[in-house]
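Throughout, numbering of the chain's residues begins at 1 and tracks the sequence.
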Amino acid sequence: MLPETETDPLFDENRQHAEPKGARIPMRYLVPNVITVLAICAGLTGIRLAFENRFELAVSMVLLAAFLDGVDGRIARMMKGSSKFGAQMDSLADIVNFGVAPALVLYAYMLDQARSFGWIAALLYCIACCLRLARFNVMLDVVGKPLWQNNFFTGVPAPAGAMLVMLPVYLGFLGLVPTRTFAFIAAAYTVGVALLMISRLPVYSGKAAGTKLRSDWVMPTFLFIVVYVAFLMSYTWETLTLTTVAFFLTLPFSYKAWKRFEAADAAAVPTEEEATEASS
C-alpha cells in the first residue's frame, strides 16, 4: 500500500494538470489488478456453478479465486506495481472471494436444508468476513506495536476462514450424506468459524518464516511442497479435509507463542519501582 502523500499511478485525479491526456502507464501496475479481476470472476463463477448443482467445480473455482486473490498482492510487490487503487480493489475482492462465494456455495450445497437457520449462518459468516477485513485494513495503520506482533493475525484470516467454512462440503464429497441433521450441524459450524474470524485469537501468520530459509531446509521444503501438491491433485477432498483439521490443531500453538512473546516483553519492561531506583 502506498503512503498517503504519494499519488496513485493508475488513477490520479491531479494527473491531468501535470501530464497530457493519454499518458502511458507501466504494465506492472496493471498486471496485479488483472489478477484481482480474474479472482472475482472465478468466485462469482463458483456461485453460478453451485446453483447449477455442479458443486465440485464450484468449490474448485472458489479455491482458485482464493489462490489468485492471495498472489496478486505478492506479485504487485515483486513487480513494484502497488497502487492505492489496487489495494482498494483487492479489499473488495476479498469480500467476494472469501465471504460471499464460500457462504453461497455452502448454502446451495447444504445449508438450505436448515431453512432460516442455515441462511442466518451464511449471513453471519459473510458479515464476520467483512468485519474481519475492515479490522485488518485499520490495523495496517497502527504504529508503535512490537515487531513480533507482525507475525500474528488477530482472529482467523479471511482466506483461512474460507477454507475452514467449506469443510462440510469436503466431507459431503467424501461420502457423508448432506442430511437435514448434518445441515444444522454445518450451520452451527459456520457460525463457529465466523466467531473465530472476528475473535481476538492470535493466529500465526508465518511471515517471519517466509522471509528467509535455512539452507538445510531448502530441499525438504521443496519435497514437502511437491508431495502436498501431488496429494492435492490426486486426493483433493481428503487433502483439504486434513489441511483444515491441521489448521485447527495449530491454533493452540499460536496462542501459546503469543503468550510467550508477551511474557518476554513484560519481563523486558522495567517496573515503576525499578525505574525509580534507576533514576535515583
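Connection of Tyr235 to Leu240 is not established within any shared hydrophobic cluster, with ILVMFWY side chains joined at heavy-atom distances below 4.5 Å, either directly or through further cluster members. No chain of hydrophobic side-chain contacts below 4.5 Å, direct or via other Ile, Leu, Val, Met, Phe, Trp or Tyr residues, connects Leu195 to Leu123. In this structure, Leu131 is not a member of the same hydrophobic cluster as Leu92, with clusters built from ILVMFWY side-chain heavy atoms closer than 4.5 Å. By the criterion of side-chain heavy atoms lying less than 4.5 angstrom apart, applied directly or through intervening Ile, Leu, Val, Met, Phe, Trp or Tyr residues, Val191 is grouped together with Ile120 in one hydrophobic cluster. Val96 and Val165 end up in the same hydrophobic cluster when Ile, Leu, Val, Met, Phe, Trp and Tyr side chains are linked at under 4.5 Å.
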Derivation and outcome, side chain to side chain contact (heavy atoms under 4.5 Å, CB included), residues Tyr107 and Ile47: CA-CA 10 Å; Tyr107 179 80; Ile47 296 173; over 6 Å; no
Is there a side chain to side chain contact (heavy atoms under 4.5 Å, CB included) between Phe253 and Tyr204? Walk through the geometry before answering. CA-CA 9 Å; Phe253 295 99; Tyr204 186 65; over 6 Å; no
Tell me, with the steps shown, if Phe173 and Tyr109 meet ring pair (Phe, Tyr, Trp, His ring centres under 6.0 Å). CA-CA 11 Å; Phe173 293 160; Tyr109 181 76; 5.6 Å; yes
With side chain to side chain contact (heavy atoms under 4.5 Å, CB included) as the test, would you mind laying out the steps for Phe182 and Val177 before giving the verdict? CA-CA 8 Å; Phe182 189 23; Val177 180; over 6 Å; no
Apply the test side chain to side chain contact (heavy atoms under 4.5 Å, CB included) to residues Trp237 and Val59: give CA-CA distance (whole Å), side-chain angles for both, the deciding distance (0.1 Å), then the verdict. CA-CA 10 Å; Trp237 313 122; Val59 175; 3.6 Å; yes
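The two atoms that bring Gly46 and Val105 nearest to each other are O-CG2, 3.8 Å, heavy atoms only. Here the closest heavy-atom approach between residue Thr239 and residue Leu232 is recorded as OG1-N, 3.7 Å. Scanning both residues, Ser91 and Leu133, for their nearest heavy atoms gives O-CD1, 4.3 Å. Shown here for Phe117 and Ala188, the closest heavy-atom pair between the two residues is CE2-N, 4.2 Å.
Distance check, rounded to the nearest 0.5 Å: CZ of Arg135 to OG1 of Thr154 gives 5.5 Å. Rounding to the nearest 0.5 Å places CG of Asp90 at 9.0 Å from CG of Asn33. From Ile198, atom CD1 reaches atom SG of Cys130 across 11.5 Å, with rounding to the nearest 0.5 Å. Atom OG of residue Ser60 and atom CG of residue Leu49 lie 9.0 Å apart, to the nearest 0.5 angstrom. The structure places CG of Leu201 at 7.5 Å from OG of Ser254, a figure rounded to the nearest 0.5 Å.
Counting heavy atoms from C-beta on, the side chains of Leu106 and Pro168 come closer than 4.5 Å. The shortest side-chain heavy-atom distance between Leu111 and Trp119 does not fall under the 4.5 Å cut-off. Taking 4.5 Å as the limit, some side-chain heavy atom of Arg132 sits within range of a side-chain heavy atom of Phe136. Residues Leu164 and Tyr189 form a side-chain contact, since some pair of their non-hydrogen atoms from C-beta on lies under 4.5 Å apart. The shortest side-chain heavy-atom distance between Phe231 and Val227 falls under the 4.5 Å cut-off. Looking only at side-chain heavy atoms (C-beta outward), Glu238 and Tyr170 stay at 4.5 Å or farther from each other. Annotation: side chain of Thr241 is in contact with side chain of Leu171 (closest heavy-atom distance under 4.5 Å). Annotation: side chain of Leu196 is in contact with side chain of Phe248 (closest heavy-atom distance under 4.5 Å).
Under 3.5 Å, the side chains of Thr243 and Tyr228 contain a donor-acceptor pair of N or O atoms.
Here the side chain of Asn97 pairs a donor or acceptor atom with the backbone of Ala93 at under 3.5 angstrom. Of the possible donor and acceptor atoms, none in the side chain of Tyr125 sits under 3.5 Å from a partner among the backbone N and O of Gly192. The backbone N or O of Ala114 lies less than 3.5 Å from no partner atom in the side chain of Arg180, so there is not a single donor-acceptor pair.
Among residue pairs with one or both ends in residues 42-55, those qualifying as salt bridge (Lys or Arg N to Asp or Glu O under 4.0 Å) are Arg48-Glu52, Glu52-Arg54; sequence neighbours excluded. Applying the salt bridge (Lys or Arg N to Asp or Glu O under 4.0 Å) rule to pairs touching residues 94-103 yields nothing, sequence neighbours excluded.
Ring pair Phe152/Trp258 is perpendicular by interplanar angle, where above 60° counts as perpendicular and below 30° as parallel.
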